[in-house]
Each structure stands twice: as structure tokens, then as C-alpha cells.
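Small disclaimer: the values here were computed from a predicted structure and weren't measured.
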Amino acid sequence: MEALFSYGTLQQSQVQLDTFGRLLEGEHDTLLGYRVDEVKITDAAVIASSGKDIHPILVRTGDKSDTVKGMVFLITDDELTQADNYEVDEYHRVMATLASGKQCWIYAAAE
């Protein structure tokens with residue numbers, strides 16, 4: 001299983017059903033050294049699933065006082081690939097350490 005930190009639309013029930021075919025269960029956690037910005041989405045399928053064309057996006061600051069609250073979901077390798085397909089080109093997947101000490105994947109702004 002893979003740990004995935006979600007701070008935005010992957011927490012929405014409809015997005016989970018459309019992306020993974022099931023609802024996810026997760027635990028609250030906090031990401032350090034990032035802040036949330038916004039990105040305009042143009043992918044019609046993503047907009048249809050999330051119901052909006054403006055999505056949150058993580059921006060790395062490196063400042064531990066910058067924090068983002070979210071959920072950690074355990075998903076399969078195949079589901080991680082499905083999440084990669086859902087996230088548009090403005091995002092890239094990187095490994096991060098959360099306030100709890102857990103390692104997980106995050107989707108952040110492409111640098």
C-alpha cells in the first residue's frame with residue numbers, strides 16, 4: 001500500500017468514486033514547509049469530477065512554520081497510478097514527511 005496526502009479535491013467523495021471506484025478512509029495529518037495556492041484547471045474530466053476549475057496546489061516554501069492540513073489515505077499501486085492520471089500537468093508527485101513523521105506521496109506545484 002502507498003500513503004497519499006490529500007489537501008484538496010481528492011478528499012471529495014465524487015472525485016474518489018470517479019478516480020478509484022471507491023470511497024477512501026484516511027487519517028488527519030499536517031504537511032510542513034508548504035503553503036496552498038490555486039491553479040486553474042482546463043481538463044474537462046477533472047472539472048466534471050470536482051465540480052470546479054480552480055483547484056488548490058501545494059507550493060514548497062521550506063519554512064516549517066508553513067503548514068497544510070489534510071488526510072492521509074492508504075491506496076494500492078494501481079490507485080496511485082489512477083491518482084497520477086487525475087492530477088493535471090501543473091502537479092508533480094513527490095515524497096514528503098508529515099508532522100507525524102509518516103512518509104507519503106504528495107502532489108505539489110511542478111518546480
Side-chain angles (χ1 to χ4, degrees):
M1 297 296 274
E2 299 284 345
L4 175 65
F5 179 78
S6 172
Y7 54 94
T9 61
L10 285 175
Q11 293 184 50
Q12 294 178 230
S13 298
Q14 190 59 52
V15 172
Q16 291 178 9
L17 290 170
D18 291 345
T19 304
F20 308 113
R22 68 181 180 102
L23 294 176
L24 304 178
E25 294 182 23
E27 297 179 355
H28 294 279
D29 213 326
T30 302
L31 178 64
L32 307 175
Y34 285 81
R35 66 177 172 79
V36 176
D37 204 346
E38 293 181 336
V39 63
K40 183 161 179 67
I41 304 297
T42 58
D43 184 291
V46 172
I47 294 169
S49 183
S50 69
K52 52 189 162 186
D53 66 347
I54 301 295
H55 285 207
I57 191 166
L58 291 173
V59 176
R60 184 170 167 19
T61 66
D63 182 344
K64 298 286 187 197
S65 67
D66 289 331
T67 63
V68 178
K69 295 188 182 302
M71 295 291 291
V72 179
F73 299 116
L74 291 180
I75 59 175
T76 66
D77 289 337
D78 286 342
E79 288 172 330
L80 187 59
T81 298
Q82 291 165 321
D84 287 342
N85 292 334
Y86 170 78
E87 299 294 353
V88 296
D89 290 343
E90 287 80 8
Y91 296 86
H92 73 281
R93 179 166 48 96
V94 295
M95 186 62 68
T97 303
L98 301 175
S100 66
K102 292 179 184 174
Q103 293 274 312
C104 67
W105 293 110
I106 65 169
Y107 289 100
E111 296 179 6

Quick check: closest heavy atoms across [X] and [Y], and the distance to 0.1 Å?
X: T9; Y: S50; result: CG2-CB, 4.0 Å
X: A108; Y: I57; result: C-CG1, 4.2 Å
X: A3; Y: V72; result: CB-CG1, 4.0 Å
X: G8; Y: P56; result: CA-CG, 3.7 Å
X: V59; Y: A109; result: CG2-CB, 4.4 Å

Let me check something: do [X] and [Y] share a hydrophobic cluster, defined by ILVMFWY side-chain heavy atoms less than 4.5 Å apart, either directly or through other members?
X: V15; Y: L23; value: no
X: M1; Y: L80; value: no
X: L32; Y: V94; value: no

So does [Y] get a backbone contact from the side chain of [X], meaning a donor-acceptor N/O pair under 3.5 Å?
X: E38; Y: I54; result: no
X: Q11; Y: G70; result: no
X: Y107; Y: E87; result: no

Inset, instruction - State, without any angle test, whether D78 and T76 hold a side-chain donor-acceptor pair at a distance under 3.5 Å. - result: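 No, T76 and D78 have no side-chain donor paired with an acceptor closer than 3.5 Å.
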Legend entry - Donor-acceptor side-chain pairing of S49 and Y86 below 3.5 angstrom: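 No, no side-chain donor-acceptor pair sits under 3.5 Å.
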As an exercise, state the distance from [atom1] of [X] to [atom2] of [Y], rounded to the nearest 0.5 Å.
X: D53; Y: I41; atom1: CG; atom2: CD1; value: 8.0 Å
X: I106; Y: T97; atom1: CD1; atom2: OG1; value: 9.5 Å
X: L74; Y: E27; atom1: CG; atom2: CD; value: 7.5 Å
X: L4; Y: D84; atom1: CG; atom2: CG; value: 9.0 Å
X: L31; Y: K64; atom1: CG; atom2: NZ; value: 9.0 Å
X: R93; Y: F5; atom1: CZ; atom2: CZ; value: 16.0 Å

Inset, instruction - Kindly indicate, with the supporting measurements, whether the criterion side-chain contact (heavy atoms from CB on, under 4.5 Å) is fulfilled by E79 and F73. - result: CA-CA 11 Å; E79 288 172 330; F73 299 116; over 6 Å; no
Legend entry - Sub-4.5 Å side-chain heavy-atom contact between Q82 and D18: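 No; the side chains remain at least 4.5 Å from each other.
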Inset, instruction - Report yes if the side chains of V46 and H55 come closer than 4.5 Å at any heavy-atom pair, otherwise no. - result: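 Touching, per the 4.5 Å side-chain cut-off.
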